[in-house]
Every structure is written in structure tokens, then in C-alpha cells.
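Notes to accompany the following structure.
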Amino acid sequence: IRDDLVTGVQTCALPILYASRAALNTLVLQGTELDQLSLTTVVENYPGFPEGIMGPKLIRDSRTQAQKFGANYEMEKVKEIAAGKAKSMFTTNNPNELIMEFRDDASAFDGKKRASLAGKGAVNNQFNAFIMDYLGDNGVDHHLINLMDNTHSLVHSLDMFPIECVIRNRATGSICRRLGTEDGLILDKPLFEFFLKDDDLGDPLINRNHIVSFGWAKDDELDEMISTSHKVNELLTKLFADSGMILVDFKLEFGVSNGKILLGDEFTPDGCRLWDDETLEKLDKDRFRQDLGDVIESYHMVAHRLGMQIKVD
Ligand code: ADP
Ligand code: TMP
Ligand code: ASP
């Protein structure tokens, strides 16, 4: 039994905050209507933001603030719309939001190698939220709304581009096979590459001409994805370096919500390569790809080094 029920999430940000701050049990029900705030890119009439604030950011921050005081946002999986190799996506009762579930499934080589690794979903979900928060605090717009529990996150529903954006600081993996490059070679400049997201074709390398000609994305959208990827590289190279790790390479996916390009999917040790900066020991999914063992232990070690407190069950 609750003392207070509030509906109409975004428009009721202040009442929700007052109620939860006053220690009333606050249950926030999700509306089914399209709410104005999540459709607004720059909100210019909200008190306290003379320069304006992005609608989705305002929603996210208001929710985080109310949750700090104990507000309980009712969020339910309605229908599974995608079961990927490592995550499942569910609709919610808000048409603009999805629940992203990180499962314990591990996959490599475009699904040719698979296993279940206990605890992977939990560490990756919380790892991703930590990194997305860090990126968001540093000006990168992303889809994460909030962490729901150990293995679930609430995200903005995106219309995903069917492409993968890869940045490499050192050569390893597919580029060495492709170009015969020495493994671990430090590149003179971070290298950006596009891949087509298509497991059956083995995610082939493509260039922007393919993307534009086939209509997968437009030129200006590609410019934005490239510059955001470089910005992510600068931010995360430093973040990992400060904790004794080399960010060797990584993959990002982007999508569109209300006409705006947001970083989607995930940033976890599943989609990047991280090496210890002294021993060059691999701390990422290459441990699974190459049967090096201690996969989840390594993910936890990386999380611990970055100061994350990962909760398991
Ligand atoms: P894969 O497709 O590589 O097997 P996953 O198991 O990670 O990948 O599944 C997650 C799927 O959800 C991917 O296809 C990804 O592109 C998609 N996705 C990620 N974030 C969003 C989002 N915010 N909205 C819609 N789809 C998303
Ligand atoms: P690659 O060396 O296999 O091309 O991978 C480059 C980086 O991108 C590496 O960190 C792994 C990541 N990646 C994925 O996470 N998923 C993919 O489907 C691909 C092709 C790469
Ligand atoms: N991400 C792809 C997969 O899960 C490729 C890889 O990581 O090796 O199969």
C-alpha cells in the first residue's frame, strides 16, 4: 500500500520529486501516450536552464533525482522484440522506451562460437551504465535512461543504423588478418572503420560510399557518427589509461530517436579490446574468443579498476 500514486511521468517531475523527497512511497506509472518532453530536443522554458536542456536528458536526470529519494518507476516488459546474441530488447508501456536485458550468453565470430558465462549479463549491464553515464556527463548523447536492476536497463527506443563503427588505436584482430599488420602495432592516428551489421555475411568492412548508395545512412549522419566515435575514443582512452589499461579498439552502434542521433547498444568488454598497460594481458572478450579462461573474472577486474561496484544477484 502506497501513500501516493503519480501518473504522467515527465510532466509530473516536480510532484514526483516532492513526494519522494517527503519520504512518501512514490510509485510512478508509465504513460502510454507520447509525452511532449521526450519528443522535444531542446527544452527552452524549463526553469534553471537558461541555455535550454535536451528533453531526454531532462527526463533522465529528473528520474535519477527522484529515484535517489526512493521513487519507484513502474517498468514492465511488454513484448520481446529482439533476441540478439547477448541481449534481448523488450517493449514497455511507453512507446519511446525499451528494456534492454543483458543475458549470460557469449558469442564470438558472428555467432559461430557460443557459450553461457554465469554473471556476464550482470557485469556487462552495470559496466555499460557506468560508461554511458561517463560519456553522457562528457557531452555524448546516448540511449540509456537508467539502470533498472543487475541485468536490465531502460533505454530510448532507437531506429538503429545497420552499421558498426570501429575505432582502432592499435592493430589487432581482423585488421591484422586483412592487411598482414604486426599484432599490437600502435597506429599513427586512431583509425575509423565501418562494418555492415550482418552476421550471415560476417560483418564485412564497408566504406561511406556503400552506406550512402545503399541508403543505410546519409552523409551528414555519418559525419556525426564518426566525430562522436572519435570523441568517445578520446574520453575512454584516458579513462582506461588512468586505471592502467590500453583501449586497443572498440565498436559502437548508433540509432535515431526523434530525429536525433544517439549512441545505442552497449560499451562493455564484449565490444572492445582492453590490455593491461604493463603486461599487455588481454582483459576483454578476446579471452573468450581465444580460450584464455577467466573471462568474467577479467571483466570484473576491469570494472573494479575503474571504481565500479558491480552487484551480482
Ligand atoms: P546482436 O544483434 O549483435 O546479436 P545483441 O545481442 O547485443 O546484438 O542485441 C541487441 C540488439 O538490439 C542489436 O541488434 C542492437 O543493434 C539493438 N539495439 C541496441 N540498442 C537499441 C535501442 N536503443 N533501440 C533499438 N534497438 C537497439
Ligand atoms: P575486429 O578486429 O574483429 O574487426 O573487431 C574490432 C573491434 O570491434 C573489437 O573491439 C571487437 C569489436 N567488434 C564487435 O564488438 N562486434 C563485431 O561484430 C565486430 C566486427 C567487432
Ligand atoms: N560480435 C560478434 C559476435 O558476437 C563478433 C565477435 O565478437 O567476434 O559474434
Side-chain angles (χ1 to χ4, degrees), residues 56 80-92 95-115 117 120-121 124-125 128 132 141-145 153-179 181 183-185 187 190-206 229 232-233 236 240 246-258 260-275 282-290 295:
E80 185 170 27
I81 50 163
K85 297 187 292 296
K87 304 194 290 301
S88 296
M89 310 297 290
F90 298 86
T91 56
T92 63
N96 296 320
E97 298 178 354
L98 299 176
I99 290 174
M100 183 161 80
E101 177 182 2
F102 286 75
R103 308 191 312 267
D104 284 348
D105 299 314
S107 151
F109 311 117
D110 305 312
K112 290 185 202 73
K113 175 171 178 164
R114 289 186 190 246
L117 302 176
K120 177 167 169 288
N124 273 4
N125 180 44
N128 178 59
M132 290 283 173
D141 294 324
H142 58 74
H143 67 157
L144 182 73
I145 299 169
S153 286
L154 189 71
V155 298
H156 294 289
S157 176
L158 300 181
D159 196 0
M160 299 299 291
F161 295 105
I163 53 186
E164 302 188 335
C165 298
V166 168
I167 291 224
R168 300 176 193 276
N169 296 307
R170 289 185 180 227
T172 194
S174 74
I175 196 164
C176 294
R177 294 192 292 278
R178 217 178 318 124
L179 302 179
T181 317
D183 191 64
L185 181 80
L187 301 174
L191 172 66
F192 182 96
E193 293 176 329
F194 284 117
F195 291 85
L196 179 64
K197 199 171 153 53
D198 188 325
D199 283 338
D200 294 341
L201 298 178
D203 290 349
L205 177 76
I206 49 175
S229 300
V232 167
N233 188 38
L236 297 187
F240 287 112
I246 301 169
L247 179 58
V248 172
D249 59 25
F250 61 89
K251 181 264 302 179
L252 301 178
E253 292 181 31
F254 294 87
V256 178
S257 160
N258 298 320
K260 198 169 160 35
I261 296 182
L262 300 182
L263 173 62
D265 205 48
E266 63 174 294
F267 192 103
T268 68
D270 264 9
C272 69
R273 290 194 175 95
L274 293 166
W275 295 353
K282 298 177 200 303
L283 305 173
D284 54 78
K285 201 171 79 174
D286 270 350
R287 300 200 69 82
F288 172 66
R289 292 191 188 92
Q290 300 171 13
V295 181

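Each ligand, and each atom within it, is numbered from 1 in the order the structure gives.
By the 4.0 Å N-to-carboxylate-O rule, E253 lies close enough to K251 to be salt-bridged with it.
Side chain of R103 to backbone of G84: a donor-acceptor contact under 3.5 angstrom is found. Within the 3.5 Å criterion, the main-chain N or O of D203 finds no donor-acceptor partner in the side chain of D198. No donor-acceptor distance shorter than 3.5 angstrom exists from the side chain of R114 to the backbone of D105, with no hydrogens or angles considered. Put simply, the side chain of K282 never gets that close to the backbone of R273: no donor and acceptor are under 3.5 Å apart. Between the side chain of D284 and the backbone N or O of L274 there is at least one donor-acceptor pair closer than 3.5 Å. Between the H143 side chain and the S157 main chain, no donor and acceptor come within less than 3.5 Å of each other. Judged by distance alone, with hydrogens and angles left aside, the side-chain atoms of R168 form no donor-acceptor pair with the main-chain N or O of D249 at under 3.5 Å. Between the K285 side chain and the S107 main chain, a donor and an acceptor come within less than 3.5 Å of each other.
For K85, heavy-atom contacts with ligand 1 shorter than 4.0 Å involve the backbone as well as the side chain. In E253, the part holding a heavy atom less than 4.0 Å from any atom of ligand 1 is the side chain. Residue contacts with ligand 1, taken as heavy atom pairs separated by less than 4.0 Å, involve L158 via backbone and side-chain atoms alike. Neither the backbone nor the side chain of D159 comes within contact range of ligand 1; no heavy atom lies under 4.0 Å. Contacts with ligand 2 closer than 4.0 Å are made by heavy atoms of both the backbone and the side chain of D249. Contacts with ligand 3 closer than 4.0 Å are made by side-chain heavy atoms of R289 only, the backbone lying farther away. Contact annotation: for K285 versus ligand 3, heavy atoms closer than 4.0 Å belong to the side chain alone.
Residue D270 has no nitrogen or oxygen atom sitting less than 3.5 Å from a nitrogen or oxygen atom of ligand 3, judged on distance alone. For G264, no nitrogen or oxygen atom sits less than 3.5 Å from a nitrogen or oxygen atom of ligand 1, counting backbone and side chain alike. Looking at K87 next to ligand 1, an N or O pair under 3.5 Å apart turns up. Distances between N or O atoms of D110 and those of ligand 2 include no value under 3.5 Å. For ligand 1, none of its N or O atoms has an N or O atom of S157 under 3.5 Å away.
Near R289, with a cut-off below 4.0 Å to any heavy atom, the atoms of ligand 2 are 11 (C). Using a 4.0 Å cut-off to heavy atoms of K85, the atoms of ligand 3 that qualify are 3 (C), 4 (O), 9 (O). Residue G173 approaches ligand 2 through these ligand atoms, each under 4.0 Å from one of its heavy atoms: 2 (O). Those atoms of ligand 2 that come under 4.0 Å of a heavy atom in C272, given as number and element, are 10 (O). For ligand 1 and V155, the ligand atoms under 4.0 Å from any heavy atom of the residue are 23 (N). Numbered from 1 in the order shown, with element, the atoms of ligand 1 that lie under 4.0 Å from a heavy atom of L98 read 24 (N), 25 (C). Against a heavy-atom cut-off of under 4.0 Å, T172 is close to the following atoms of ligand 2: 2 (O).
Taking atom 4 (O) of ligand 2 as the reference point, the nearest protein heavy-atom neighbour is S174 OG, 2.6 Å. Scanning the protein for heavy atoms near atom 26 (N) of ligand 1, the closest one is M160 CG, 3.5 Å. Summary of contacts: the protein heavy atom closest to atom 14 (O) of ligand 1 is K197 CE, 3.7 Å. For atom 8 (O) of ligand 3, the closest non-hydrogen atom of the protein is F109 N, 2.8 Å. Looking only at heavy atoms of the protein, atom 20 (N) of ligand 1 is closest to D265 N, 3.2 Å. Among protein heavy atoms, the minimum distance from atom 18 (O) of ligand 2 is reached at D203 OD2, 2.8 Å. For atom 12 (O) of ligand 1, the closest non-hydrogen atom on the protein side is M89 CG, 3.5 Å. Ranking protein heavy atoms by distance to atom 5 (C) of ligand 3, first place goes to D110 N, 3.6 Å. Looking only at heavy atoms of the protein, atom 9 (O) of ligand 1 is closest to G84 CA, 3.5 Å. Taking atom 3 (C) of ligand 3 as the reference point, the nearest protein heavy-atom neighbour is S107 OG, 3.2 Å.
Contact annotation: the side chain of M89 approaches that of V155 to within less than 4.5 Å [non-hydrogen atoms, C-beta and beyond]. Taking 4.5 Å as the limit, every side-chain heavy atom of N96 sits out of range of all side-chain heavy atoms of S257. The shortest side-chain heavy-atom distance between K120 and V295 does not fall under the 4.5 Å cut-off. Side-chain contact between E266 and F102 is present, with heavy atoms from C-beta onward closer than 4.5 Å. Residues N169 and L187 form no side-chain contact, since every pair of their non-hydrogen atoms from C-beta on lies 4.5 Å or further apart.
If you check the side chains of S153 and N125, you find a donor sitting under 3.5 Å from an acceptor. A donor-acceptor contact closer than 3.5 angstrom links the side chains of T172 and D183.
Results of the side-chain contact (heavy atoms from CB on, under 4.5 Å) test with F250 over V166, L236, V232 single out V232 as the only residue that passes.
Taking a 4.0 Å cut-off on heavy atoms, K285 fails to register as neighbouring ligand 2. In this structure, R103 falls outside the shell of residues with a heavy atom less than 4.0 angstrom from ligand 1.
Of the listed residues (K85, E164, R178), the one carrying the non-hydrogen atom nearest atom 20 (C) of ligand 2 is E164. Looking at A83, G255, A86, it is A86 that brings a heavy atom closest to atom 6 (O) of ligand 1. Within the set K251, R273, E193, the minimum heavy-atom distance to atom 5 (O) of ligand 2 is found for R273.
Residues L196 and P162 share a closest heavy-atom pair of CD1-O, 3.5 Å.
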*Stepwise side chain to side chain donor-acceptor pair (under 3.5 Å) test for E80 and S88*: CA-CA 7 Å; E80 185 170 27; S88 296; 3.0 Å; yes
